[in-house]
Amino acid sequence: MREYDHKAIEKKWQDEWTKHQIYKTPKTDRPKQYILDMFPYPSGSGLHVGHVEGYTATDIYSRFKRMQGYAVLHPMGWDAFGLPAENYAIKTGTPPQTSTDAAIVNFRKQIQALGLSYDWDREVGAHNPDYYRWTQWFFLFLFKNGLAEKRMARVNWCPKDQTVLANEQTVSEDGVKGVCVRCGTPVEQKELSQWFFKITEFADDLVKDLDTVDWPESTKINQRNWIGRKEGVVVPHVVSGTDLTLHTFSAYPAWLFADTFIVIAPEHPLVPALVQGTEAESAVMSFVAAAQKKTTEERGDSKEKLGIFTGRYAEDPFRKGEKMPIWIANFALMDFGTGVIRCSSHDARDYEFAQKYEIPLRHVVGDGSFVDAHDNAGVLIDSGPFTGRTISPELIVEMIDWMVSHGIAERKVTYRLRDWLISRQRYWGAPIPVVYDPSGVPHPVPEEHLPWMLPTDVEYQPKGSAPLGTSQELIERTERIFGPGWKPEIDTMDTFVCSSWYFFRFADAKNSNAFASPEAIAAWVPVDLYVGGAEHTVLHLMYARFFTKALKRFGYVSFDEPFLKLRHQGTILAEDGTKMSKSKGNVINPDDVVELYGADTVRMYEMFMGPLEAMKPWNTKGIIGPRRFLERVWRLTDKVGDGALGAAEAVFNQTIKKVGDDIQTFGLNTAISQLMICLNAFEELPVVPRAAFETYLKLLAPFAPHLTEELWHELGHTTSIHLESWPTYDDTKLMADTVVIAVQVAGKTRGTVSVSHGASQEQVLAVAERDLKLAQYLPQTPSRVIFVPNKILNLVP
RNA sequence: GCCGGAGUGGCGUAAUGGUAGCCGCGCACGACUCAAAAUCGUGUCCCGCAAGGGGUAAGAGUUCGAGUCUCUUCUCCGGCACCA
């Protein structure tokens with residue numbers, strides 16, 4: 001018999017599919033599905049098995065949806081700007097353009113070898129000028145609408161990579177904080193003028209609209225935590241003997257009567273004025289200087305509370321006539337709230353600080369032992385008009401109303417989310433389309449000069465300023481267009497900017513008049529299904545949502561959220577259960593496995609390993625299972641002929657139902673399991689009816705596109721199986737004629753009986769009573785009988 | 001510390017509150033073979049010859065019936081964390 005030669009078959013059909021363009025995106029004259037993978041960074045080391053997992057899942061889903069009759073958009077592209085290519089250039093002198101293009105060629109080849117059904121006509125690369133001209137357009141769009149601005153900022157600076165990092169990029173992949181995400185070097189603080197996108201303007205919507213999308217709950221929670229929305233009050237305090245006012249923020253207004261002192265962040269702008277001319281001035285200012293020098297890492301590392309008394313007192317609006325000492329404290333963060341905090345005995349951190357520096361405390365709940373304000377529970381004492389009241393959500397509202405009406409406080413919402421710093425002192429990114437006039441004022445580069453080309457005459461070696469500064473061409477271009485004395489912006493954009501809008505581009509990838517036409521956007525976006533790694537739960541998704549909301553605000557799109565349904569693929573671990581890493585040498589290269597077993601086997605194996613979202617270890621021995629399965633399907637052709645399904649009819653119909661249901665809900669492992677069960681049943685038959693086998697091939701087609709296409713053609717078909725319709729099942733034939741029912745006594749299974757499908761309680765009981773083994777357990781006069789048709793009969797004595 | 005998620009055979013895993021362990025890997029035995037591989041068949045949670053009993057991290061609860069629901073505890077994973 002002929003051999004299952006995966007190499008020949010897979011190559012043959014991949015070529016055929018390309019030739020006949022069977023995965024070309026159709027017109028949207030019928031319901032559409034936009035099914036998207038997070039586009040990869042084309043790294044030099046190629047595709048890894050984690051990519052294969054996510055891409056196979058969306059491929060199966062796309063093929064399924066096409067067979068169901070949907071117009072499917074399923075594209076692929078390259079998140080091609082980024083540091084690795086630039087670091088490689090620094091090391092070897094190879095231009096990033098060259099190494100990136102080579103990596104893309106390799107990625108594309110690997111992806112095509114897997115039989116993934118992308119529409120390559122819509123391929124995009126973030127590093128191509130016809131792409132980044134629109135990235136630059138987005139910058140101008142935000143700038144013109146007041147959502148981008150340049151300002152001085154204390155920024156995270158990586159001394160090794162010589163670049164600014166966003167807060168999010170100061171955590172290593174292993175979770176170490178205060179280090180460069182790329183190289184692990186401890187991050188320093190630097191004051192620089194930088195471009196920001198005002199994502200904080202959308203903070204409320206970014207929280208609220210999470211309720212409208214079908215995303216993993218944990219991802220939504222991560223987003224909410226990152227935004228860190230907190231409702232509370234701001235209380236102004238007059239500083240005695242000055243004309244200064246300090247504003248504190250509190251998210252626990254019920255406890256404000258407890259506060260006895262105030263702390264202020266070392267970098268707070270009012271600190272110098274606060275201590276100016278006082279005895280404490282020099283001591284305080286040197287404390288502040290010492291605190292500022294510390295890197296984020298050092299600050300985070302030691303949680304030791306350090307502080308110094310300013311010599312000043314604030315008047316307590318909650319207790320007329322009482323004064324609260326004002327301290328500088330290292331735990332007060334300028335980045336949160338107002339940078340000034342009212343402190344009390346009901347906060348573990350404040351309490352520790354007060355003990356250390358012998359600051360007097362009082363309590364408003366309990367008998368003096370520690371009660372945490374975060375619990376928001378207890379009966380208030382010594383709390384003005386609220387003494388004796390029990391803390392409750394209603395009381396908190398009442399207290400806030402009282403504070404507001406007495407002019408003590410104002411309502412305030414704060415966020416942890418910061419504006420998005422997008423300036424990067426790097427080469428391999430989209431140039432920021434800004435020029436400076438001779439007096440240093442920034443001007444947007446007019447749209448007719450886009451793409452504002454990334455120059456190639458640059459020095460890659462980092463010298464502490466941006467590489468674009470070394471480009472003669474860029475400087476000359478700027479002066480030629482704008483006039484003598486004009487200077488180019490030499491920073492490039494954070495690569496997350498490129499990936500914040502690429503899903504729009506796929507809808508209209510070749511448009512040279514707009515990032516995508518309104519018609520194309522209306523036809524395809526938002527994305528119906530988005531699949532990618534869980535490592536992007538915060539940054540990329542947040543930024544893409546921000547871009548979408550900005551477009552919505554200014555009338556470019558009509559929807560609020562870009563990704564309606566999101567799923568993550570879990571990490572695939574090495575065989576020993578640890579993370580795959582080059583340094584440990586335990587990385588599985590998909591090419592090797594595809595070579596040995598074939599793409600269909602690798603696809604099926606990765607889907608069969610377990611639930612898509614689960615973290616699971618690779619098991620080289622386990623691959624043989626799906627391979628054997630495909631070989632058995634291959635051999636089954638010999639048994640195809642004229643015959644009846646007989647005993648396999650119920651399993652066959654169940655399989656049609658379950659495979660469809662499971663693909664829809666991403667239970668791809670159980671869908672494959674069901675296909676195996678069905679095959680086992682087919683193998684019991686003397687002859688497999690041709691129609692049933694063809695249906696079976698259609699069910700298997702999304703998983704193993706090459707093998708099913710080959711067998712489909714062997715059966716005499718001349719068109720692709722992937723253009724067939726998804727099979728339907730016979731509702732009336734889902735159950736076998738005979739069912740096995742568990743017979744229980746008081747919930748304990750005592751045996752089983754075989755009865756015809758749909759048998760009544762009386763019929764089942766009659767059969768059970770005739771069963772000698774069972775009869776001995778059955779109670780004569782059951783007090784209760786529970787009967788679930790086709791499942792159980794339970795007699796309670 | 002806070003917020004999520006998860007604990008089931010030797011392994012990956014499966015079970016609308018209804019016979020726990022489907023499907024696959026591995027292993028054992030058998031068939032085929034001079035032999036091996038491949039393939040096919042049988043078996044494979046634990047104790048027990050069997051009848052039977054026990055069993056889904058531990059303990060309690062709800063229920064005729066709990067891997068599944070509730071509470072307590074333990075462990076592991078992910079995220080956030082001096083956040084006012």
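Naming convention: chains lettered A, B, ... in sequence-line order (proteins, then strands); numbering from 1 in each chain. Because the structure is predicted, anything quoted here is derived from the model rather than measured. Just the heavy atoms: all of them, side chains too, but no hydrogens, waters or symmetry mates, feed the values below.
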With sequence neighbours excluded, residues passing ring-ring contact (aromatic ring centres under 6.0 Å, His included) with A/F287: none
Sequence neighbours excluded, the answer for ring-ring contact (aromatic ring centres under 6.0 Å, His included) partners of A/F331 is A/F353
Have a look at A/F353 and say if it touches a base, only the backbone sugar-phosphate, or nothing, with a 4.0 Å heavy-atom cut-off. nothing
Side chains of residues 740-756 of chain A: which donor-acceptor partners sit under 3.5 Å, not counting sequence neighbours?
unit_1 : atom_1 : unit_2 : atom_2 : d
A/Q744 : NE2    : A/T749 : OG1    : 3.3

NA contact type, A/T752, heavy-atom cut-off 4.0 Å: base, sugar-phosphate, or nothing? base
Do the side-chain N or O atoms of A/R416 get closer than 4.0 angstrom to the phosphate oxygens (OP1, OP2) of B/rA81? yes
Compare side-chain N and O positions of A/R635 against OP1 and OP2 of B/rC40 and report whether any pair is under 4.0 Å apart. yes
Every protein N/O lying under 3.5 Å from an N/O of nucleotides 44-46 of chain B:
none

Contacts to RNA chain B from residues 657-666 of chain A, heavy-atom cutoff under 4.0 Å, which residues? none
Taking salt bridge (charged side-chain N to carboxylate O under 4.0 Å, His left out) as the test, write out the residues that go with A/K658, two or more places apart. A/D662
Looking at A/R628, I'd like to know whether one of its side-chain N or O atoms comes within less than 4.0 Å of OP1 or OP2 on B/rG26. yes
Can you find an N or O donor on one side and an acceptor on the other, under 3.5 Å apart, linking the side chain of A/Q744 with the base of B/rG18? yes
Residue-phosphate contact under 4.0 Å: A/N225 side-chain N/O, B/rA81 OP1/OP2: no
NA contact type, A/V340, heavy-atom cut-off 4.0 Å: base, sugar-phosphate, or nothing? nothing
Does B/rC83 have OP1 or OP2 under 4.0 Å away from a side-chain N or O of A/R229? no
What is the nucleic acid contact for A/I221, judged by heavy atoms within less than 4.0 Å: base, sugar-phosphate only, or nothing? sugar-phosphate
Rounded distance in Å - CE (A/M604) to P (B/rC25): 13 Å
Nucleotide forming a Watson-Crick or wobble pair with B/rU63, both distances under 3.5 Å: none
Let me know the distance between CD1 of A/I623 and P of B/rC23, rounded to the nearest Å. 22 Å
At under 4.0 Å between heavy atoms, what does A/I677 touch on the DNA or RNA strands: base, sugar-phosphate, or nothing? sugar-phosphate
Measure distances between side-chain N and O atoms of A/K621 and base N and O atoms of B/rC11, and say whether any donor-acceptor pair falls under 3.5 Å. no
So, OP1 or OP2 of B/rG24: does either fall under 4.0 Å of a side-chain N or O from A/N680? yes
Any-strand Watson-Crick or G-U partner of B/rG7, both distances under 3.5 Å: B/rC74
For the side chain of A/F336, starting at C-beta, report the closest nucleotide among B/rC77, B/rA14, B/rC83. B/rC83
